[in-house]
Amino acid sequence: MIDLIKTIEDNILAAVTQISSELNADVDYNSLYPILEFPRDKNHGDIATSVAMKLARVFRKSPHQIAQLLCDRIRNHAIINSITDAIEIAGAGFINFSFSQSAVTSILQKIILKKSDYGITNQRTGEKIILEFVSANPTGPLNAVNARAAAVGDVLANILQKASAQVHREFYINDVGNQVDLLGRSVKARYEQALNIEVEFPEDGYHGEYITDMAKDLVLKYGSSLLEKDPSFFAEHAITHNVTRQKTDLEKYNVRFDTWFSEKTIHNQNLLDCAFKQLQAGGYIYEKEGKQWFASTRFGDDNDRVMIRDNGIPTYFMADTAYHQNKFDRSFNHLIDIWGPDHHGYIPRMSGVLQALGHPADSFTVLIVQQVNLLKDGQPYKMSKRAGRFILMEDVIEEVGTDAARFFFVMRTSDSQLDFDLDLAKKHTADNPCFYVQYAHARIHSIYTKYEEQGYSLKDTDFSSADLAVLSAPEELDIIKKLGQYPQILASCAQTLDVHHLPYYLYELSSLFHNYYNLGKERSELRIVSDNEAATRARLALVTGLKIIIGEGLSLLGVSAPESM
RNA sequence: GCGCCCGUAGCUCAGUUGGAUAGAGCAACGGACUUCUAAUCCGUAGGUCACUGGUUCGAAUCCAGUCGGGCGUGCCA
């Protein structure tokens, strides 16, 4: 539908330009956008513009008069007349356009021809984006918020790629610092305990069951031969073990990273020093109380931040600064980070330090993924069988499966808290939105089967040449119009970085389809597969369009599109 | 105290850079269906968009303030 909209938009703009020069008015074109919008109410046409109202002041005429002037000009164009049935002025000065039937069916034709390419836009052409997400500490298994971040990040990456951006998925491993030391001491303590040696467990150490299991495993393999090793040995072992497990969990969840970037890389390559010197040269560093501070308040942060402690050890923030600089060094021009709710206070300093390093403010974007409240039997589900303190990602997947988990995690605005109803996600009924959408896809396959049972072969059916003029029921045209919105939905997701519009759209589309399908039960003339060969072929073309968009949409969500359920 | 997120139907949530009479799903209520095209279908009702003021042709949306909820506020990562 994007080309239909473009045509109308261009014509409106041309008319506005003409009128403004005649009236000698100075129009701020930016203030007119969006030129066109989808009306909520069907009586207001398929697409509408409110420019007449926006121009009232500059043109010194009533919105209604302006709408009339615009209409007079727009109606003169042959293209406009071929794609619209009606252009009406309504309400306070809206101009409502209704598409002609042939314009609508041409959308379907295009979808069938372009298939999964239909959603491609040039929204973010030329951007080289590095999307960093999950980046969980290598001190244990992934939890439910990590699972949400993984789903959101992966889907966002898919959508950005459809908008023509180059996207690199990265997982940052924080394998340096105090927590690593603490992890090592925790594992060593468990190892000694497993050998019946009485030792004190470190204060604030890692209590998870997985630590004990790991220690027992070490005893099985190496007996007591590791007693002489120091904690760093145990830490390294634990990190390798944990990261491997995280990787496996994420693969089962259909999330694959292009790189697993170790923090050690930053330290080994002397990148901290480079970044620090550059900040110093820019005059952003000062010394106080024996520490080196970054003047973060110059970029709107609450406090200045320590980069190098008085003992000479750089802070985490210093390392993270070097890491983010390194992303730019790897020639990415847009950094997107997905962080958990506990890190939002960190945004001003990160954004500030990157600006201090000479990067434009809009080249770094942080998305905050808020916490997840898992519900079971209507009650909060907080304790994990394995981890005790929190729910693991693998618990969620085991409970509801990868498909439902991913669908539910991206279904809501990611920067607000999510109530995740585990019981609902498991249901195989229409109440479950994930099932509902997948079922629409499966149902289309059963229609194909039905068609072949009638003695036809799908292989011989060329949908692109079907006579689509048969599709005249309002329900059929509504479905096609909805299909035509798909590229806009993706473009809007890619622009706002809000992915939840996609599952919503797929749900609404499926709903139109299920309702249409059900009509055939009451009104046999609307059955998709019938004796009427021409109608059957046209309707198969319609469901094929649906199958393409639903299948493609689900694939962007990383959710399977089953042929039967 | 300060910062971020949030407050829309009984519940969970949408609401397209400000647009027309604020929408879905669930639950509730009322019907249909005794069988089919696979996991019922159709309909009804339900609202002070937390509150107050402001901006304008127009505000759930933007601004200021108030109230309420969640999270954060390390030289941890």
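Residue numbers begin at 1 in each chain, while the letters A, B, ... track the order of the sequences.
Note on A:Gln371: only backbone sugar-phosphate atoms sit closer than 4.0 angstrom, heavy atoms only; bases stay farther off. As judged by a 4.0 angstrom heavy-atom cut-off over every strand, A:Asp302 is placed among residues making no nucleic acid contact. Nucleic acid contact class of A:Glu453 (heavy atoms, under 4.0 Å, all strands): none. The residue A:Glu452 sits apart from the nucleic acid: no heavy atom pair falls under 4.0 Å.
Salt bridge annotation for A:Lys288-A:Asp304: absent, with no cationic side-chain nitrogen under 4.0 angstrom from a carboxylate oxygen. The existence of a salt bridge linking A:Arg349 and A:Asp320 is excluded, since no basic side-chain nitrogen approaches an acidic carboxylate oxygen closer than 4.0 Å. Between A:Glu132 and A:Lys327 there is a salt bridge, with a side-chain nitrogen of the basic residue lying less than 4.0 Å from a carboxylate oxygen of the acidic one.
Nucleotides B:C13 and B:G30, compared at atom P, are 29 Å apart to the nearest Å. Rounded to whole Å, the P atom of B:G46 lies 36 Å from the corresponding atom of B:A64. As rounded to the nearest Å, B:U48 and B:U34 have C1' atoms that lie 47 Å from one another. Distance check on atom P: B:G47 versus B:U8 gives 14 Å, rounded to whole Å. Straight-line distance between the C1' atoms of B:G18 and B:G74: roughly 42 Å, to the nearest whole Å. Nucleotides B:U52 and B:A14 have their C1' atoms positioned 27 Å apart, rounded to a whole Å. Comparing the same atom, C1', in B:C6 and in B:G15 gives a spacing of 16 Å after rounding to whole Å. Spacing between B:U61 and B:C49 at atom C1', rounded to whole Å, works out to 10 Å.
Side-chain contact between A:Ile266 and A:Phe261 is present, with at least one heavy-atom pair separated by less than 4.5 Å. Proximity of A:Thr536 to A:Glu533: side-chain heavy atoms (C-beta onward) are nowhere separated by under 4.5 Å. Side-chain contact check for A:Ser510 versus A:Ile550: some heavy-atom pair is nearer than 4.5 Å. Taking the side chain as every heavy atom from C-beta outward, A:Gln246 and A:Phe171 approach each other to under 4.5 Å.
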For nucleotides 14-22 of chain B, give me every protein contact, N/O to N/O, under 3.5 Å, one pair per line with atom names.
unit_1, atom_1, unit_2, atom_2, d
B:A14, OP1, A:Thr413, N, 3.1
B:A14, OP1, A:Thr413, OG1, 2.5
B:A14, O4', A:Tyr504, OH, 3.4
B:G15, OP1, A:His500, NE2, 3.1
B:G15, OP1, A:His501, NE2, 2.8
B:U16, O4, A:Phe38, O, 2.8
B:U17, O4, A:Pro34, N, 3.4
B:G19, N7, A:Ser50, OG, 3.3
B:A20, OP1, A:Arg40, NH2, 3.4
B:A20, OP2, A:Arg40, NH2, 2.7
B:A20, N6, A:Asn96, OD1, 2.7
B:A20, N1, A:Asn96, OD1, 3.1
B:A20, N1, A:Asn96, ND2, 3.1

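Across the protein-nucleic acid pair, A:Phe408 atom CZ and B:U12 atom C1' stand 11 Å apart, rounded to whole Å. The interatomic distance linking A:Arg57 (CZ) with B:U56 (P) rounds to 7 Å, in whole Å. Between A:Leu55 atom CG and B:U56 atom P there is a gap of 18 Å when expressed in whole angstrom units. In this structure, A:His441 places its NE2 atom 16 Å from C1' of B:A38, rounding to the nearest Å. With rounding to whole Å, A:Ile444 atom CD1 is found 14 Å from B:A38 atom P. Note: CG (A:Asp423) to C1' (B:U12) measures 14 Å, nearest angstrom. A:Ile347 has its CD1 atom 13 Å from the C1' atom of B:C71, to the nearest Å. Separating the OH atom of A:Tyr436 from the P atom of B:U40 is a distance of 11 Å, rounded to the nearest angstrom.
Taking only distance into account, the side chain of A:His343 never meets the base of B:G72 through a donor-acceptor pair shorter than 3.5 Å.
A ring-centre distance under 6.0 Å is found for A:His445 and A:Tyr448. Between A:Tyr210 and A:His241, the ring centre distance reaches or exceeds 6.0 Å. Separation of the A:His324 and A:Phe364 ring centroids falls under the 6.0 Å cut-off.
OP1 or OP2 of B:C42 lies within a sub-4.0 Å distance of a side-chain N or O belonging to A:Asn515.
Rounded to the nearest 0.5 Å, atoms OG1 (A:Thr265) and OH (A:Tyr172) are 8.0 Å apart. Distance CD/A:Glu203 to CZ/A:Arg185: 9.5 Å, rounded to 0.5 Å.
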At under 4.0 Å between heavy atoms, which parts of nucleotides 25-37 of chain B does protein reach? Answer with one letter per nucleotide, 5' to 3': B base, S sugar-phosphate only, - none. SS----------B

Structure string for RNA chain B in dot-bracket form, Watson-Crick and G-U at under 3.5 Å, | interchain: (((((((..((((.....[...)))).(((((.......))))).....(((((..]....))))))))))))....

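Mapping A:Val176 and A:Leu418 onto RNA chain B by nearest heavy atom places A:Leu418 closer to the 5' end of the strand.
Enclosure of atom CD in A:Glu236 is not indicated, since only 12 or fewer non-hydrogen atoms of other residues, nucleotides or ligands lie within 6.0 angstrom.
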